[in-house]
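To start, the structure under review is shown below, and the notes come after it.
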Amino acid sequence: METIRTAIILFLILGLLVGAAYPLVVTGIAQLVFPRQAEGSLVHDQKGQVIGSELIGQPFSDPAYFWPRPSATAEFPYNPMASGGSNLGPTNNELKAQIIERQNFLIASGTGKELPSDLVMASASGLDPDISVEGALAQIPRIAKETGIDEGKIKELVFANIKYPTIYIIGGERVNVFWLNIGLNQMRRNENGS
Amino acid sequence: MMMILLFDILMIILLLLIVTLLVKPLGNYMAKVFQGKPVFLSRFLRPVELLIYRVSGIKPDVETGWKRYAISMLLFNFIGFLILFAILIFQGFLPLNPQRFPGFRWDLAFNTAVSFVTNTNWQAYAGETAASYFTQVVGLAVQNFFSAATGICILIALIRGFAHKSSKHLGNFWVDMTRSILYVLLPICLILSLVLVSQGVIQNFSPYVHSSLIDPYHTAEDKTISEQVIPMGPIASQEAIKELGTNGGGFLNANSAHPFENPTPLSNFLEILAILLIPAALTYLFGSMVGDTRQGWAIYWAMMVIFVISLGVMFWAETKGNPYVQVPGVTGQYMEGKEVRFGIGGSALFATSTTAVSCGAVNSMHDSMTPIGGMVTMVLISLGEVVFGGIGSGLYTMLAFVVIAVFVAGLMIGRIPEYLGKKIEPIGMWMSVLIVLTPSLLVLIFFTIALITPSAVASILNSGPHGLSEILYASLSMSNNNGSAFAGLNANIPFFNILGAIVMLIGRFIPAICALAMAGSLANKHITPPSAGTLKTYSLTFVIWLIFVIIIVGALSFFPAFFAGPIIEQLKMLAGGG
């Protein structure tokens, strides 16, 4: 009986410590020191409306925008309520069929003929915010044609947005599709304004 | 391409170097904590510790035998199960539920509660659409701490069994539990979670955010999607203990592949470090507590050798890619089920670490890995989670392997087997064999039953040899308390929920009780001083011998299954590539 009493009391005390005090302290400090990150790295427009999170990919499909990687989330691509990958096995014929279909679609849309694999293979989270630098460069001819913006300028935008590996070796080079497209919108606004 | 390869290899070397450098300081720190010696945090934590003892009526100086220790451990875990089960069932009536999720179905609640109490974190639900903040923080995360601490306690008791002379005592479970949480897990989690927030891991209690899409999306069914619902929650605090406690249960469905759980290459690096850190450092704690640090390092290097070989094979397989889906005009690496920010190196290193250590978090979809890459994850689990292994449980299982290795070596060279001056007697051998073989037997039984159960077979996503791998992975993962999955398998059916829960319980607590029983019998023995005939269990020869024993006992049981699953599929992949 004594043991059961001890067990219950210790469970409750330690439970309060790790199940209430700890997360609340972390939340408090996080909200003070890193409020933007703690709230999801959200981005707002001029009216204060949330237009997305820089960490969560969006299903851009207009040929005038940079397109993200394929996403296998349910209902629609880049559905944050259904994060996950395709889980298709490496020798599943459906995977091969999907890759060929995406390749054909990209080529037909005017995206370059040499495609990096990340543009035709689905990510693990279904929400991957990044594409490879090659994946961005391959899309420039299409975007230039659709928007009338000079190819060189779009290329500058891509290079300005490259994220490099941490201390040279951790992770790869990549570009965030959300920021690329925000950049495109700004360029378009500037061109219209001038 | 060559440059990416080189950088990935440098990153891997850097990580393993950091782990190795931290083994001694952290191991030393933990050894002091569990021996009740003062450490630099004692000034702040000792008063808290004493207060906890006073309130709960614990007499910290009273040590108990193995039976009392085991009963306390089981009781503490049983309370944890009951509370978590109740939270899951009654979720709909509990606070901190802005999305108004209903309670879990009973079989899913049973599976999930067992899964988190046993440090498995097998998940047949998707966090963002099923679990409230209350469930995550007060239910699941609390068990993340307690199940990790339980593993440490059992290990500490076993080590005391080796270290004590002619004693009946193994320590005090309540004290070990309190110290694991207070001095080891909480401080590291506090730092890690804040660093993770700095990288972009979220930490809030806000309702989900509705965000309008910049470019509305038109589905094939002619529906226009104009907004995303972005999940929120206190993720960072949970992410830290999820990796550090080798739990692995994701706050969100995509686990550590999700940008909110693992936003940058640096967060990925730190999460992998957190997975390996404590299990690696516990080897030094072992050496230190038995008074011969060479013994700890020998085990560390045996683990490291298996780790590096496994990682090498996986890295090679994933870098070579998948000729089956190779089409002309597409260049680059095999990225299906992987995130761009991690690439092949960050994904392969994570996958190896999470299955070597019984963590079970994933940052890439193992189901889509190359067959050999996927097989490496399964081999590592099938070894019994001893390559660093689950927090505490990895090393106590490893010590059972050491005892078996010493015994067999003793038979071969005709000496009475002894380890650390303790004679290995029938009881020690029985317990070691039970610790090592229980999970293996469970896998084979579970695997067989699943293959003849129509509902289980219907859960397979990918047909052919890969479908066999999906079921094999599930059996391995639950029996060995790993928790990761070939996630194509639809596991939320009563068959997997109920049988899986039973398997997780047996796979966790039978070896745990055996380890404590062995500790009790070892503590009772006196210590024979080493003589010229003593087997040097810290020598290179013994390390190699130990590795052989682990591979023969651990992996060979599954060779036929690996052949019928991943190896056949590898041949299919190569042939299909043409």
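Basis for what follows: all heavy atoms, side chains included, without hydrogens, waters or symmetry-related copies. Chain letters run A, B, ... following the sequence lines, proteins first and then strands; every chain starts at 1.
- The contact between T219(B) and chain A is made entirely by side chain atoms (from C-beta outward), counting heavy-atom distances below 4.5 Å.
- For the atom pair CG (L24(A)) and CZ (F205(B)), the distance works out to 5.5 Å, reported to the nearest 0.5 Å.
- Side-chain contact check for V201(B) versus Q37(A): every heavy-atom pair is 4.5 Å or farther apart.
- Looking only at distances, a side-chain donor or acceptor of Q103(A) sits under 3.5 Å from a matching main-chain atom of P328(B).
- To the nearest 0.5 Å, atoms OG (S125(A)) and NE2 (H258(B)) are separated by 6.5 Å.
- Looking at L127(A), both its backbone and its side chain come within 4.5 Å of chain B, counting heavy atoms on both sides.
- For the pair F260(B)/P80(A), no side-chain contact is recorded, criterion being any heavy-atom separation below 4.5 Å from C-beta on.
- Interatomic distance, CG of L14(A) versus OG1 of T178(B), reported as 5.0 Å (0.5 Å rounding).
- Heavy atoms of I8(A) lying under 4.5 Å from chain B belong to its backbone as well as its side chain.
- Proximity to chain B (any heavy atom under 4.5 Å) is shown, for I107(A), by neither the backbone nor the side chain.
- Using bins of under 30°, 30° to 60° and over 60° for the plane-to-plane angle, the ring pair F146(B)/F11(A) lands in the perpendicular bin.
- Between the side chain of K96(A) and the backbone N or O of Y324(B) there is at least one donor-acceptor pair closer than 3.5 Å.
- If you tally non-hydrogen atom pairs under 4.5 Å between each of D118(A), N92(A), L88(A) and chain B, the highest count goes to L88(A).
- In terms of heavy-atom pairs under 4.5 Å with chain A, the best-connected choice from P234(B), S198(B), S72(B), G80(B) is S198(B).
- V209(B) has its side chain within reach of L42(A): a pair of non-hydrogen atoms, C-beta onward, lies under 4.5 Å apart.
- E114(A) touches chain B through backbone and side chain together, each having a heavy atom under 4.5 Å away.
- Of the listed residues (V43(A), I182(A), D62(A), L184(A)), just one forms a side chain to side chain contact (heavy atoms under 4.5 Å, CB included) with I214(B), and that residue is I182(A).
- No donor-acceptor pair under 3.5 Å is formed between the side chain of E128(B) and the backbone N or O of M81(A).
- For N181(A), no part lies under 4.5 angstrom from a heavy atom of chain B.
- Between the side chain of N253(B) and the main chain of S83(A), a donor-acceptor pair closer than 3.5 Å is present.
- The six-membered or imidazole ring of Y22(A) lies near that of F145(B), with a centre-to-centre distance under 6.0 Å.
- When the candidates L115(A), L12(A), T91(A) are compared by the number of heavy-atom contacts under 4.5 Å with chain B, T91(A) comes out ahead.
- Judged by distance alone, the side chain of S211(B) and the main-chain N or O of G52(A) form a donor-acceptor pair under 3.5 Å.
- The structure places CD of Q326(B) at 8.5 Å from CD1 of I99(A), a figure rounded to the nearest 0.5 Å.
- For N79(A), no part sits under 4.5 Å from any heavy atom of chain B, backbone or side chain.
- Between the side chain of Q31(A) and the backbone N or O of Q203(B), at least one donor-acceptor pair lies under 3.5 Å.
- Listed by sequence position, the residues of residues 136-156 of chain A in contact with chain B number zero, using a 4.5 angstrom heavy-atom cutoff.
- Evaluated for a side chain to side chain contact (heavy atoms under 4.5 Å, CB included) with T3(A), the options W174(B), F76(B), F173(B) yield exactly one hit, W174(B).
- If you measure heavy-atom distances from S469(B) to chain A, you find no contacts under 4.5 Å at all.
- Chain B is approached within less than 4.5 Å, heavy atom to heavy atom, by R69(A), E75(A) from residues 68-75 of chain A, ordered by number.
- Looking only at heavy-atom pairs under 4.5 Å with chain B, the residue among D130(A), D128(A), L55(A) that has the most is D128(A).
- Not a single donor-acceptor pair under 3.5 Å links the side chain of D8(B) to the backbone N or O of G172(A).
- Note on A20(A), P165(A), A7(A), G171(A): by heavy-atom pairs under 4.5 Å with chain B, the leading option is A7(A).
- Ranked by heavy-atom pairs under 4.5 Å with chain B, the list A38(A), G19(A), G85(A) is led by A38(A).
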Quiz item: Please walk me through it: do I56(A) and Q228(B) pass side-chain contact (heavy atoms from CB on, under 4.5 Å)?
Solution: CA-CA 10 Å; I56(A) 305 292; Q228(B) 278 179 321; 4.0 Å; yes

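- Taking CG of D45(A) as the reference point, atom OG of S212(B) lies at 6.5 Å (rounded to 0.5 Å).
- In this structure, OG on S53(A) lies 5.5 Å from CD1 on I230(B), to the nearest 0.5 angstrom.
- Applying the 6.0 Å contact sphere to OH of Y164(A) captures more than 12 heavy atoms from other residues, nucleotides or ligands.
- For the options T166(A), I100(A), I9(A), I170(A), heavy-atom pairs under 4.5 Å to chain B are most numerous at I170(A).
- For a residue to count as touching a neighbouring chain, one of its non-hydrogen atoms must lie under 4.5 Å from one of that chain's; by this rule Y65(A) touches chain B with the side chain only.
- Annotation: Y168(A) is not in aromatic contact with F7(B) [ring centroid separation under 6.0 Å not met].
- Taking 4.5 Å as the limit, every side-chain heavy atom of V197(B) sits out of range of all side-chain heavy atoms of V33(A).
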